[in-house]
Amino acid sequence: MEFVIAFVSFMVWPLLIGLAMTLGLEHLLLRQMIQPPTAFLRRPVSAKLAHIGYWCASWSLCTLATQRPWFSVVVVNALWLVVLQVSHTKYVSLREPFLSQDFEYFTDAIKHPRLYIPFFGIGLTIAAISAGALAIGLGLWLEPALSASQYAVTAGASAWLMPLISVLIASSTLSYAMGSKLAPKVILAPEFDLHELGMVAYLLAYARLARRPLTPTHDPLQAAQREVENTLTAVLQATREDGVEVTDKSAFLPHVVSVQSESFFDARRIYPQVRDDLLPHLDRCHFAALAQGLPCGRLAVPAWGANTVRTETAFLTGLTPEQLGVHQFNPYHQLAKRAVPNLAASYKALGYRTLCIHPYPGSFYLRNQVLKQLGFDEFLDIAHFSSADKCGQYISDAAVAAKVEDCLLNAGDAPLFIQVITMENHGPLHLETLDDVRLADWYEGELPENCRELGIYLRHLVNADAMIDQLSTALSRLPRGGLLCFYGDHVPIMPEVYQTLGEPNGVTDTFIWSTHLPQSADVAQQTMDAVREADPELMEWALDCDGAFKTDEQCRKGDPRVINIETLGSALLQATNQHVRHSAATQKFRSLS
């Protein structure tokens, strides 16, 4: 009888009460979701068993370490509370609950606290750490260890050690088995999967899927790369027929600069009080891209407020979320281990030197490993900048643009492909000070007091716009010319602004601009007429492209299409192809002149 009483006291009651606490905390913290987790009894049997297995395994492991069953109930549920609170915060800011791939962000929050803790709440973080330390101290003091209990002294260590080890092994095996069983059932819509399975089963299923390697079945960029190769071959053949011997095909290739601008979207679309002349260089390049028949306009991206690498991967690889599967949520875990076809490799195969510039520590998101796997020749991170280059919290767009200029000027005879990932506009914006003096240059009327983040954001948008001018001017001055691709990775995190003034739909903005392509139908027609008489086949071939040149009237009407980020890399290769064709036609025109 004494054994039964002791067994119930140190195992059964803590297990049952702790399990009830996990479900209660889940209900309290996640009920504000549009689709909160369904009631425990209504979940699939495998999801119920996964939750029970998780709790039993966590509790028994903690109890084995501390020898304090009730203290372990508090510790495990405190950690569970942290996961749930982080999930709630993430859902409010990013429209997405916590994922199994997000556990690494706990260590990232220690390495890079500015990127994470302000969104969670500095006060809440301090309170949580203090409460945790206090609870640990009180728990260890108030509850005696099992080995010191009267029952353990009488019956021996096996009386509590063997049951705990048995529970740990059985529950761990159960959790593993249920995770494998649940993995095929999820549809990779996090909020829906969490609603159907509950937090534990949902996390287990995603974790099991994440162990499967990323194996793309095809290269989305291959066709566009082949078009450029064929064009270069044809251009070389044409020059030989004209009596000019050119052995290096890269002589016809333009420099290519692609800029992933942090949190960039055209705020004028959503907030009418933002001044129309806020982004003159974006407007200029957007208009020119329309006239050149190049992609421009709104961009559909797979991220909201954060998760930059999702947009980054979609641009560089052309892989859709469906093709990435569970790896769509953090593709760089896989890309750090294995190479996949990508834009840098495509440009490298064409004869380009490939370079990435990102003014932040290279270890973040494993970029120092991923970019090497993708085929970039060089990666310039925060070590290539100084604190004097900062604007606000991070390295300025102006300093990054200056670094790009230096690389272009020192490129020598080789064409460059430069992927730029900016940081200036990265939040948290509320840690910066609003420039009230210049606000009238960006915003008409009074800005609501709780919307000061918008004023800070507009200042960074203006700087990003100046970067467009800086880069387009630099490319225009180079004999080789170049292409500029510019796009936003996601909209910014400004919850109070969205609540007060309205929320964007998540699309950002993009354009591809060329230094060499004619910027109006009239210029294109003049070139075509001059060359057609001497070499009609060359001119018709040069103007044979998917996007016809548009008239000024068509440009003013704008282009309402939304471009998918997965297609933007192929579009950049196609623009390169178009640039090469027209460069060949222009050289022919000059020789005739």
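Along the sequence shown, residues carry numbers from 1. The figures that follow rest on heavy atoms only: side chains count, while hydrogens, waters and symmetry mates do not.
Remark: Arg581 fails to qualify as a cation-pi partner of Phe252 under the 6.0 Å distance and 45° angle criteria applied to the six-membered ring.
Interatomic distance, His460 NE2 to Ser263 OG, rounded to the nearest 0.5 Å: 9.5 Å. Note: Leu30 CG to Ser87 OG = 5.0 Å, rounded to the nearest 0.5 Å. Here Leu484 contributes atom CG and Leu572 contributes atom CG; the two are 9.5 Å apart, rounded to the nearest 0.5 Å. To the nearest 0.5 Å, the span separating CE on Met423 from CZ on Phe385 amounts to 11.5 Å. Separation of atoms CG (Leu253) and CG (Leu232) is listed at 5.0 Å; rounding is to 0.5 Å. In this structure, CZ in Phe511 is found 4.0 Å from SG in Cys285, a value given to the nearest 0.5 Å.
Residue Arg338 qualifies as enclosed at atom CZ: its count of foreign heavy atoms under 6.0 Å is above 12. Around the NZ atom of Lys181, the shell of radius 6.0 Å holds no more than 12 heavy atoms that belong to other residues, nucleotides or ligands.
A donor-acceptor pair under 3.5 Å links the side-chain atoms of Lys403 to the main chain of His384, judged by distance alone. Judged purely by atom type and a 3.5 angstrom limit, Asn230 has no side-chain atom pairing as donor or acceptor with the backbone of Glu227. At least one donor-acceptor pair closer than 3.5 Å links the side chain of Ser171 to the backbone N or O of Ala57. With hydrogens and angles disregarded, no donor-acceptor distance shorter than 3.5 Å links the side chain of Asp389 to the backbone of Ile395. Within the 3.5 Å criterion, the main-chain N or O of Leu416 finds a donor-acceptor partner in the side chain of His255. Of the possible polar contacts, none joining the Ser258 side chain to the Cys485 backbone as a donor-acceptor pair under 3.5 Å is found. In this structure, the side chain of Glu191 engages the main chain of Gln35 through a donor-acceptor pair within 3.5 Å. In this structure, Asn564 contributes its side chain and Glu566 its backbone to no donor-acceptor pair below 3.5 Å. Not one N or O on the side chain of Trp513 forms a donor-acceptor pair closer than 3.5 Å with the backbone of Phe287. A side-chain donor-acceptor contact under 3.5 Å links Asp193 to the backbone of Ile187.
For the 3.5 Å distance criterion, the side chains of Gln578 and Gln574 fail to qualify, holding no donor opposite an acceptor. For Gln419 and Gln260, the side-chain atoms include no donor-acceptor pair closer than 3.5 Å. Between the side chains of Gln470 and Glu405, at least one donor N or O lies within less than 3.5 Å of an accepting N or O. There is a side-chain donor-acceptor pair under 3.5 Å between Asp377 and Thr354. Judged by distance alone, the side chains of Glu424 and Ser396 never bring a donor and an acceptor atom under 3.5 Å apart.
Between Tyr176 and Arg208 the shortest side-chain heavy-atom distance falls below 4.5 Å. The side-chain heavy atoms of Asp469 and Arg284, taken from C-beta on, include a pair separated by under 4.5 Å. A heavy-atom distance below 4.5 Å is not found between the side chains of Val301 and Asp489. Looking only at side-chain heavy atoms (C-beta outward), Phe486 and Ser261 come within less than 4.5 Å of each other. Side chains of Leu343 and Tyr347 form a contact here, defined as non-hydrogen atoms less than 4.5 Å apart. Between Phe329 and Pro190 the shortest side-chain heavy-atom distance falls below 4.5 Å. Between Ile512 and Leu568 the shortest side-chain heavy-atom distance falls below 4.5 Å. Under the 4.5 Å side-chain criterion, counting only non-hydrogen atoms from C-beta, Tyr202 is not in contact with Ser100.
A pairwise comparison of heavy atoms in Asp219 and Leu221 identifies OD1-N, 2.9 Å as the closest pair. The minimum heavy-atom distance between Leu478 and Ala474, with the atom names listed, is CG-O, 3.4 Å. Across every non-hydrogen atom of Ala267 and Leu461, the tightest pair is CB-CD1, 4.0 Å. The two residues Ser570 and Pro220 have their closest heavy-atom pair at OG-O, 3.3 Å. Contact record, Pro97 with Leu194: CB-CD2, 3.7 Å, taken as the closest heavy-atom pair. The minimum heavy-atom distance linking Val400 with Pro359 is given by the pair CG2-CG, 3.7 Å.
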For Met199 and Trp80: C-alpha separation, side-chain torsions, deciding distance, then whether side-chain contact (heavy atoms from CB on, under 4.5 Å) applies. CA-CA 10 Å; Met199 178 63 88; Trp80 179 237; 3.4 Å; yes
Give the intermediate values and the outcome of salt bridge (Lys or Arg N to Asp or Glu O under 4.0 Å) for residues Glu196 and Lys185. CA-CA 10 Å; Glu196 292 292 308; Lys185 297 182 179 180; over 6 Å; no
Run the side-chain contact (heavy atoms from CB on, under 4.5 Å) test on Leu471 and Val420 for me, step by step, so that the C-alpha distance in whole Å, both residues' side-chain angles and the decisive distance to 0.1 Å come before the verdict. CA-CA 11 Å; Leu471 292 177; Val420 178; 5.7 Å; no
Worked verdict on His490 versus Asn307 for side-chain contact (heavy atoms from CB on, under 4.5 Å): CA-CA 8 Å; His490 51 69; Asn307 295 304; over 6 Å; no
Verdict with reasoning, Gln373 to Leu335, per side-chain contact (heavy atoms from CB on, under 4.5 Å): CA-CA 7 Å; Gln373 285 280 10; Leu335 297 186; 5.9 Å; no
Would Phe264 and Tyr487 count as a ring pair (Phe, Tyr, Trp, His ring centres under 6.0 Å) if you check the C-alpha gap in whole Å, the side-chain angles of each, and the deciding distance to 0.1 Å? CA-CA 7 Å; Phe264 184 95; Tyr487 64 96; over 10 Å; no
List the steps and the verdict of ring pair (Phe, Tyr, Trp, His ring centres under 6.0 Å) for Phe417 and Tyr352. CA-CA 6 Å; Phe417 168 65; Tyr352 280 81; 7.2 Å; no
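Ion pairing between a basic and an acidic side chain is recognised when a charged N comes within 4.0 Å of a carboxylate O; Arg269 and Asp509 show such pairing. Arg367 and Glu312 are joined by a salt bridge, as a carboxylate oxygen and a charged side-chain nitrogen come within less than 4.0 angstrom of each other.
Between His358 and Phe379, the ring planes lie parallel to each other; the angle is under 30°, not in the 30° to 60° tilted range. Phe364 and Tyr360 have perpendicular rings, their planes meeting at more than 60° on a 0 to 90° scale where under 30° would count as parallel.
Screening Gln334, His333, Gln328 for a side-chain contact (heavy atoms from CB on, under 4.5 Å) involving Asn330 leaves a single residue, His333.
A ring-centre distance under 6.0 Å is found for Phe98 and Phe103.
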